[in-house]
There are 2 protein chains.
Amino acid sequence: MLLQAANAVRGTVPATIRPAGSSSLLLTENQQWIGGPPPLMDKLTPRERELVLKQGRRKVLNRGQTLFSQGGKHDGIWLIESGRIRVFYISPLGREITLAYWHVGNFVGGPEVFEGTVHQWSGVASSNCSVVHLPGKELRVLAAEIPNLAIGLIEGLTFKGKCYSALAQMLGTRSISQRLAHLLLHLVELYGVKDSDGTVIAAAFTHADIAHMVGATRQWVTISLKRMQEKGIVVTKRSQIVVCQTETLEEMRGQAAD
Amino acid sequence: MLLQAANAVRGTVPATIRPAGSSSLLLTENQQWIGGPPPLMDKLTPRERELVLKQGRRKVLNRGQTLFSQGGKHDGIWLIESGRIRVFYISPLGREITLAYWHVGNFVGGPEVFEGTVHQWSGVASSNCSVVHLPGKELRVLAAEIPNLAIGLIEGLTFKGKCYSALAQMLGTRSISQRLAHLLLHLVELYGVKDSDGTVIAAAFTHADIAHMVGATRQWVTISLKRMQEKGIVVTKRSQIVVCQTETLEEMRGQAAD
DNA sequence: TCGCCGCTGTCGATTAGTTGCCGGGAAAAT
DNA sequence: ATTTTCCCGGCAACTAATCGACAGCGGCGA
């Protein structure tokens, strides 16, 4: 199952489609967040930044490699320099939910940032990655010394809190179909490329990937997509999805505005 | 619906049952969190504490009063001094999910702590409350001046992050029945009083309240409780729940340990 | 003491979503 | 070039959960 997850994004997304640092959040009600998270170290002086990075250790991951695992001992955070990391959770009975695919500019390893107890989530590289590890103890000392780093951490945590909240709210109050409609619209925003008969989602997610994102079974995703195809809302061709009627999807999503 | 929510906890819980500051978290996998959140101002010197509280404004709420509403403008956080505050979210179509009932020692108003954009959740007093408001702007200045306050905020946000994560994970990977079993066990921990034929949950939650906590409909809760009663797992008598077979509930919850 | 309101309990109809299975086909590995 | 892997697609049976509605009960306030 982990290996499967690792293959999450197989298609190559043209770099031009989205600016670096853009949001990775999959199920959120508020479009304004798509601007992405507040950069952790933007407010630091060059000297302070150097001081922080000196404590960090660069690490390179190949697609499929695990960065951290739920239940594993927690120590600090990782800043993403390049690549994409999928953060997800697997229940004791094997059901799986994906929180997000995080890109450059985000940090992962939360919700704790210092020496914590154990990881709440797992993180796996879904493409080749480069990350910088900031160990918890050192980070705590630095945060006490550099006020702007502490503020940056608070803002980062705040952003994460919004992500977790958004996911919980979607899962708690929307049906799976609504979540699927929501996700498709979001993927159109992130990876959409205009086409003669609609918008192509230029990233190949398998039905299983999608199922994990919306919290459903693979089969249900297949069935739902088929029904959407019958209604002419989308056209699918083996993990290639073309969205034809965004308005209908917006209706199905079932919410007032955005 | 808000009024209904306000009546959430009608029974009076003897003060002896749980120590002040104990956790309010409703759906969490990890028992160790029941110790509660890290106190926001524990690490401060008396002088620093005074400095912070000088910026605060005490506010008293009656049962049913709204402290903040989702979508409303955000400004800072509230420390709970006494009483209980229910934090929840209502979707555009009216479905509702409760995050938690927060007690003394916690702060509410997150996930943002400074001047934010808008509230992600709503907060309503479910019993008479006293809170201290810390406005965002002042809090930001204080956090930059007092390192230990910043660390306290980071730890507080970390704790909240765990709560949101736990809720999302439960909602994303457990069936409603599993969540209900989970909740009942948790309520036994929080409000349980030993009895001749089991453990009485000494807090009167209506079926609707419970439904909001697990993300289900009122009827489904009624049906599920009835089935549990038929199997002898619980005995219900009009919003009074007695849990007889905790082991069976633990099985139903469907997870490996604790 | 009466009347009202909110909560429980229940029913029937319906849909949404799961589980398990299998076969074919594309892509990747050897 | 061949094997292996894994992904889609579909099916059948089933259960979990929703929706709307309504009657009765109990508590509370007038």
Side-chain angles (χ1 to χ4, degrees), chain A residues 1-12 62-64 91 93-97 126 171-181 203-230 234-241 252 254, chain B residues 1-12 63-64 91 93-97 171-181 203-230 234-241 252 254:
Chain A
M1 188 170 284
L2 280 172
L3 260 177
Q4 215 173 325
N7 292 329
V9 177
R10 289 166 303 145
T12 331
N62 291 322
R63 192 171 91 188
S91 80
L93 295 181
R95 293 211 44 169
E96 186 171 340
I97 181 82
S126 79
L171 293 173
T173 62
R174 261 73 158 189
S175 72
I176 295 191
S177 325
Q178 290 175 316
R179 268 139 50 192
L180 182 57
F205 293 99
T206 69
H207 290 185
D209 295 331
I210 295 176
H212 292 151
M213 295 188 225
V214 298
T217 56
R218 205 258 317 154
Q219 292 88 327
W220 184 250
V221 170
T222 305
I223 291 172
S224 301
L225 284 176
K226 187 185 149 208
R227 285 186 194 161
M228 285 185 182
Q229 181 147 14
E230 280 163 6
V234 300
V235 177
T236 64
K237 197 183 75 192
R238 207 175 170 74
S239 86
Q240 174 75 277
I241 302 177
M252 290 178 65
Chain B
M1 185 171 284
L2 279 173
L3 258 175
Q4 214 171 323
N7 293 327
V9 176
R10 290 167 302 143
T12 331
R63 191 171 89 190
S91 80
L93 294 181
R95 292 211 47 169
E96 188 171 338
I97 182 80
L171 292 173
T173 62
R174 262 72 158 188
S175 71
I176 295 192
S177 325
Q178 290 174 316
R179 266 136 56 190
L180 183 57
F205 292 98
T206 69
H207 290 184
D209 295 331
I210 294 175
H212 291 150
M213 293 188 228
V214 297
T217 57
R218 204 258 314 155
Q219 293 92 322
W220 182 251
V221 171
T222 305
I223 291 172
S224 302
L225 284 176
K226 186 185 150 206
R227 285 185 195 161
M228 285 185 181
Q229 180 146 15
E230 279 162 9
V234 301
V235 177
T236 64
K237 200 183 74 191
R238 214 181 163 69
S239 86
Q240 173 75 276
I241 302 177
M252 290 179 64

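Per chain, numbering begins at 1; letters A, B, ... match sequence-line order.
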Sugar-phosphate means primed atoms, P, OP1 and OP2; the rest is base. With that split, encode nucleotides 25-30 of chain D 5' to 3' as B, S or - using protein heavy atoms under 4.0 Å. BS----
Distance-minimising heavy-atom pair for A:Ser91 and B:Thr173: CB-OG1, 3.5 Å
Distance in angstrom units between A:Gln178 CD and D:dA17 P, rounded: 17 Å
Please give, in whole Å, the distance from C:dA16 C1' to A:Arg179 CZ? 12 Å
Taking any heavy-atom pair under 4.0 Å as a contact, classify A:Ser224: base, sugar-phosphate, or nothing. nothing
Checking contacts here: which listed nucleotide (D:dG9, C:dT18, D:dT18) is nearest the side-chain heavy atoms of B:Ala216? D:dT18
Minimum-distance pair of heavy atoms, taken over all atoms of B:Gly215 and B:Arg95: O-NH2, 3.8 Å
How close or far is atom P of D:dC6 from atom CG of A:Asp209, stated in whole angstroms? 13 Å
Does a side-chain N or O from A:Ser175 land closer than 4.0 Å to OP1 or OP2 of C:dA16, or not? no
Donor-acceptor pair, B:Gln178 side chain versus B:Ser175 backbone, under 3.5 Å? yes
Is any side-chain heavy atom of B:Leu225 closer than 4.5 Å to a side-chain heavy atom of B:His207? yes
Non-neighbouring partners of B:Gln229 that pass side chain to side chain donor-acceptor pair (under 3.5 Å), sequence neighbours left out: B:Thr236
Note: for A:Ile176 and A:Arg218 on DNA chain C, the residue whose nearest nucleotide lies more 5' is A:Ile176
Within less than 4.0 Å of OP1 or OP2 of D:dT18, is there a side-chain N or O belonging to B:Thr217? yes
Among C:dT18, D:dC7, C:dT8, which nucleotide sits nearest the side chain of A:Trp220? C:dT18
In Å, rounded to the nearest 0.5 Å, how long is the span from CG of B:Leu180 to CZ of B:Arg174? 14.0 Å
Could you work out how much the helix from C:dT1-D:dA30 to C:dT30-D:dA1 bends, comparing the axis of its first five pairs with that of its last five, to 10°? 50°
Pick the closest DNA chain D nucleotide for B:Arg227 and for B:Gln219 by heavy atoms, then say which residue is nearer the 5' end. B:Arg227
